[in-house]
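Structure provided below as structure tokens; questions to follow.
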2 protein chains.
Amino acid sequence: MSRSEAASSQHSRVTIAQVASHAGVSPTTVSHVLSGKRAVGAATRGTVMDAIRELGYRPNIVARNLRTRRSHMIAVVVPDITNPFYAVLTRGLADAVDAAGHGTYVCNTDGQHDRERKFFQDAMDRGVDGIVFASGETASQVMFGEVDQQTPIICIGAQLDHPLCDAVIPDDETGSRAAGSFLASRGYQRIAMIQGPPHYGVSRTAGFRSAMQAAKRKVPAELMVRGNWTRKGGYEAMKTLMALKVRPDAVFCANDLMAIGALDVAHELGLSVPQDVAIVGFDDVDAATIVTPHLTTVRNPAYEAGGTAGDLLMSRMSGRYTGAGRTVVLPCPLIERGTA
Amino acid sequence: MSRSEAASSQHSRVTIAQVASHAGVSPTTVSHVLSGKRAVGAATRGTVMDAIRELGYRPNIVARNLRTRRSHMIAVVVPDITNPFYAVLTRGLADAVDAAGHGTYVCNTDGQHDRERKFFQDAMDRGVDGIVFASGETASQVMFGEVDQQTPIICIGAQLDHPLCDAVIPDDETGSRAAGSFLASRGYQRIAMIQGPPHYGVSRTAGFRSAMQAAKRKVPAELMVRGNWTRKGGYEAMKTLMALKVRPDAVFCANDLMAIGALDVAHELGLSVPQDVAIVGFDDVDAATIVTPHLTTVRNPAYEAGGTAGDLLMSRMSGRYTGAGRTVVLPCPLIERGTA
DNA sequence: CCGCTCCATCAAATCGTTTTGCCTCAGGGT
DNA sequence: ACCCTGAGGCAAAACGATTTGATGGAGCGG
């Protein structure tokens, strides 16, 4: 093997200079052969290519990054990669930018603002070409003080007033409205909602309310309860709903986990779903098809969100687009399954 | 703000040379203040620190990487970050190395060998300090031909005979044996197993067999069926088991998804679990506590695996350890829940 | 034969650090 | 007086690529 022979002959990696001397040309020429930025004679090119192959040359990307000021690396900062929503989002992003040769540097913040800031700093210092920020709707804009005006930032799920910051936001409100309208169209009369904690998921509540208004359904305060996004929280919220003197015949939950908790209560009470009570969730997590019956829900397009974030990023990195912050909103379609 | 003032005054970032001239010293001295590798007079240090603060200097990490030949970045190559097992593993790794200032570059291979090779190359070219390879048990050692002897590699779930490659392997076999013994100790007589596809998960099968032998349970061939790791696969395997003239009263599944499929069949047939038939899974995925009753299973320690991979890596990167490949095996404890 | 354009190539500067070798000065021991 | 040591500082050489300006011919019209 010429490769291993070359590798063993010298401790470290082959440099462009060694290729050049082996081929009897200057480093410049080798660089031009590789990049194609200037014309190179066919014969010379052949010699150089041979030398490259023979020595097993691989370019040192760090050196290139230093000179070109591009790293072909983008940072994605999420609360927790363990959360399937962010895992899928990250995958969508990775798939979108992979073809263009960009790697993805994943940062877990656990939603802590100081970690968000730390990773912003770190990403800038490392010279990433772009940052995708998906820390949920509570994205404080504190950390943007730290940011270099050069590197593009994409915000997912929240709109920020940073000049060069594009945003991609799933259309929670329309999705929730669809869920509400759907329940109404099925003839359910007393439709309740299990919301998220105060100040969270407000657009989901808004969409639901607007649907109820359009369908001429009254929603007394007792039918609007809250949970903390967890299965247990949904369980308890559903308990209080079912303890009402006159029970709801349908309930829309602000996320799937709470919907699953609500389903637990229905099973516990011996209620059949959706005959006795209908349930609709939001997010379309994997678990939605594991419970029985399968959960009717609204899809939160994580993969697509990551993908369009990647596209927006690349359009800026390439210089194709240099204008003000764009906003693309993604539809959240209703997925009809067994619980409504 | 002195920071923004400095930033606006010049287009690009502040360099160490600017700090030096602002403080009236040489770049060398600034570097020494930052790194502490050589003594610097207290007065000088103060001046330099002030200059750094005043100009808002941030070191250019790319330049540093080029000079020091370390990137403080480690690559983790997994089949798919979307798979919760690998997401958790990645998080464990990230948490372990984060404190030491290492970032994690995530690569999704989808289990394709050419992508594995491509990312190996890419990671080497980018100058990562280490690679964690978690592409499951079928890790071909093809891509190791590409690898620079310098950069340490940790293999998760498979043992490779690369000289400097440490391995961390979850103890599937003991875990499976525990599952089998547990079923036997509960008095189940006809214990079946739904295995993975041929050549996969052999140690899980081995552990189960050894437990059966120790418990003096016969396992006729008809009780050893196969699925393809999916819920559907488990469903079908369970169907054929339940179509037997004499049914098993317990079944151990090589992973949770198949166990959930088996559970579907039990529900469909009106069998009560675990009275009529017991079911035990493997992995302890989130879904295990979503099904009813909650799945009794064997825990596959993803987080710990990622964490110890990080530790092994750091011990090599720091030069603390330079010996032959180590192997650490992680226990897979049985988690008793409702299905057995 | 001159001037012009193209093509191919090269030398040298640059990116922003870290690190090595050398210098100076002060102080202490003999 | 002399040597030695340690502290504190600087100049310059890496690190390994890309990029710019210059150069030397070749081809060609006038």
Side-chain angles (χ1 to χ4, degrees), chain A residues 10-49 51-52 55-73 101 124-129 148 150, chain B residues 10-49 51-52 55-73 101 124-129 148 150:
Chain A
Q10 47 200 8
H11 193 65
S12 79
R13 291 175 62 124
V14 181
T15 79
I16 208 174
Q18 295 169 335
V19 172
S21 81
H22 189 272
V25 298
S26 80
T28 311
T29 306
V30 177
S31 176
H32 286 151
V33 166
L34 257 26
S35 69
K37 295 213 168 191
R38 278 200 194 175
V40 176
T44 319
R45 157 177 293 112
T47 322
V48 169
M49 294 299 270
I52 287 179
L55 267 47
Y57 167 76
R58 301 248 77 212
N60 180 327
I61 300 217
V62 177
R64 172 184 314 191
N65 291 350
L66 176 59
R67 182 63 230 247
T68 63
R69 299 155 159 289
R70 318 206 124 254
S71 60
H72 288 273
M73 189 85 182
M124 304 296 321
D125 292 351
R126 286 189 129 97
V128 300
D129 292 344
D148 178 344
Q150 317 285 48
Chain B
Q10 47 201 10
H11 194 66
S12 81
R13 293 176 61 125
V14 181
T15 78
I16 209 174
Q18 294 170 335
V19 172
S21 82
H22 190 272
V25 299
S26 80
T28 310
T29 305
V30 177
S31 176
H32 286 151
V33 166
L34 256 26
S35 68
K37 295 211 170 196
R38 278 200 194 176
V40 175
T44 319
R45 155 176 296 110
T47 322
V48 169
M49 294 299 271
I52 287 179
L55 267 47
Y57 167 75
R58 299 249 78 212
N60 179 327
I61 299 219
V62 177
R64 172 182 313 190
N65 291 350
L66 176 59
R67 181 63 231 241
T68 62
R69 301 153 156 289
R70 319 207 125 255
S71 60
H72 287 275
M73 189 86 178
M124 303 295 324
D125 293 351
R126 287 188 128 98
V128 300
D129 291 346
D148 179 343
Q150 317 287 47

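Reminder, nothing fancy here: chain letters follow the sequence lines and each chain counts from 1.
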Identify all side-chain donor-acceptor contacts of residues 29-37 of chain B below 3.5 Å with residues at least two apart in sequence or on another chain.
{"unit_1": "B:Thr29", "atom_1": "OG1", "unit_2": "B:Ser26", "atom_2": "OG", "d": "3.4"}
{"unit_1": "B:Ser35", "atom_1": "OG", "unit_2": "B:Ser31", "atom_2": "O", "d": "3.1"}
{"unit_1": "B:Ser35", "atom_1": "OG", "unit_2": "B:Lys37", "atom_2": "N", "d": "3.3"}

Within the structure, does a side-chain N or O atom of B:Lys37 lie under 4.0 Å from either OP1 or OP2 of C:dT19? yes
At how many degrees, to 10°, do the end axes of the helix from C:dC1-D:dG30 to C:dT30-D:dA1 meet when each uses five pairs? 60°
Mark up nucleotides 5-10 of chain D, 5' to 3', with B wherever a protein heavy atom is under 4.0 angstrom from a base atom, S wherever such an atom reaches only the sugar-phosphate, and - elsewhere. ---SBB
Contacts of type side-chain contact (heavy atoms from CB on, under 4.5 Å), residue A:Ala23, not counting sequence neighbours: A:Val25, A:Thr47, A:Val48, A:Ala51
Please work out if A:Thr68 contacts a base, only the sugar-phosphate, or nothing of the nucleic acid, heavy-atom cut-off 4.0 Å. sugar-phosphate
Check the distance between C:dC15's C1' and A:Arg70's CZ and give it to me in whole angstrom. 15 Å
Distance in angstrom units between A:Asp125 CG and C:dG16 P, rounded: 14 Å
If you look only at distance, which donor and acceptor atoms sit under 3.5 Å apart when one is on a side chain in residues 60-68 of chain B and the other is two or more places apart or in another chain?
{"unit_1": "B:Asn60", "atom_1": "OD1", "unit_2": "B:Val62", "atom_2": "N", "d": "2.8"}
{"unit_1": "B:Asn60", "atom_1": "OD1", "unit_2": "B:Ala63", "atom_2": "N", "d": "3.0"}
{"unit_1": "B:Asn65", "atom_1": "ND2", "unit_2": "B:Ile61", "atom_2": "O", "d": "3.4"}
{"unit_1": "B:Thr68", "atom_1": "OG1", "unit_2": "B:Arg64", "atom_2": "O", "d": "2.9"}
{"unit_1": "B:Thr68", "atom_1": "OG1", "unit_2": "B:Arg70", "atom_2": "N", "d": "3.4"}

Send over the distance from A:Ile16 CD1 to D:dT19 C1', rounded to a whole Å. 12 Å
May I ask you to evaluate whether A:Arg69 reaches the phosphate of C:dC15, defined as a side-chain N or O under 4.0 Å from OP1 or OP2? no
Taking the nucleotide of DNA chain C with the nearest heavy atom to each, does B:Ala63 or B:Ser35 sit closer to the 5' end? B:Ala63
In Å, rounded to the nearest 0.5 Å, how long is the span from CZ of B:Arg126 to CE of A:Met73? 5.5 Å
Non-neighbouring partners of A:Asp129 that pass side chain to side chain donor-acceptor pair (under 3.5 Å), sequence neighbours left out: A:Ser71
Between A:Asn65 (CG) and D:dG16 (P), how many Å, whole number? 14 Å
Run the ring-ring contact (aromatic ring centres under 6.0 Å, His included) test against A:His72 and tell me which residues pass, sequence neighbours left out. A:His102
Ignoring hydrogens and angles, does a donor from either the side chain of B:Arg67 or the base of C:dT18 sit under 3.5 Å from an acceptor on the other? yes
Nearest 0.5 Å, please: how far is CZ in B:Arg58 from CD1 in B:Ile16? 12.5 Å
Could you tell me how far apart B:Arg13 (CZ) and C:dC15 (P) are, to the nearest whole angstrom? 15 Å
Partners of B:Arg45 by side chain to side chain donor-acceptor pair (under 3.5 Å), sequence neighbours excluded? none
Side-chain N or O of A:Ser31 versus OP1/OP2 of D:dT18: is the shortest distance under 4.0 Å? yes
Between atom CG in B:Leu66 and atom C1' in C:dT19, what is the gap in whole Å? 13 Å
So CZ of B:Arg13 and CD of B:Gln18: to nearest 0.5 Å the spacing works out to 11.5 Å
Using atom CZ of A:Arg126 as one end and atom C1' of C:dC15 as the other, report the distance to the nearest whole Å. 19 Å
Spacing of B:Gln18 atom CD relative to C:dC15 atom P, expressed in whole Å: 10 Å
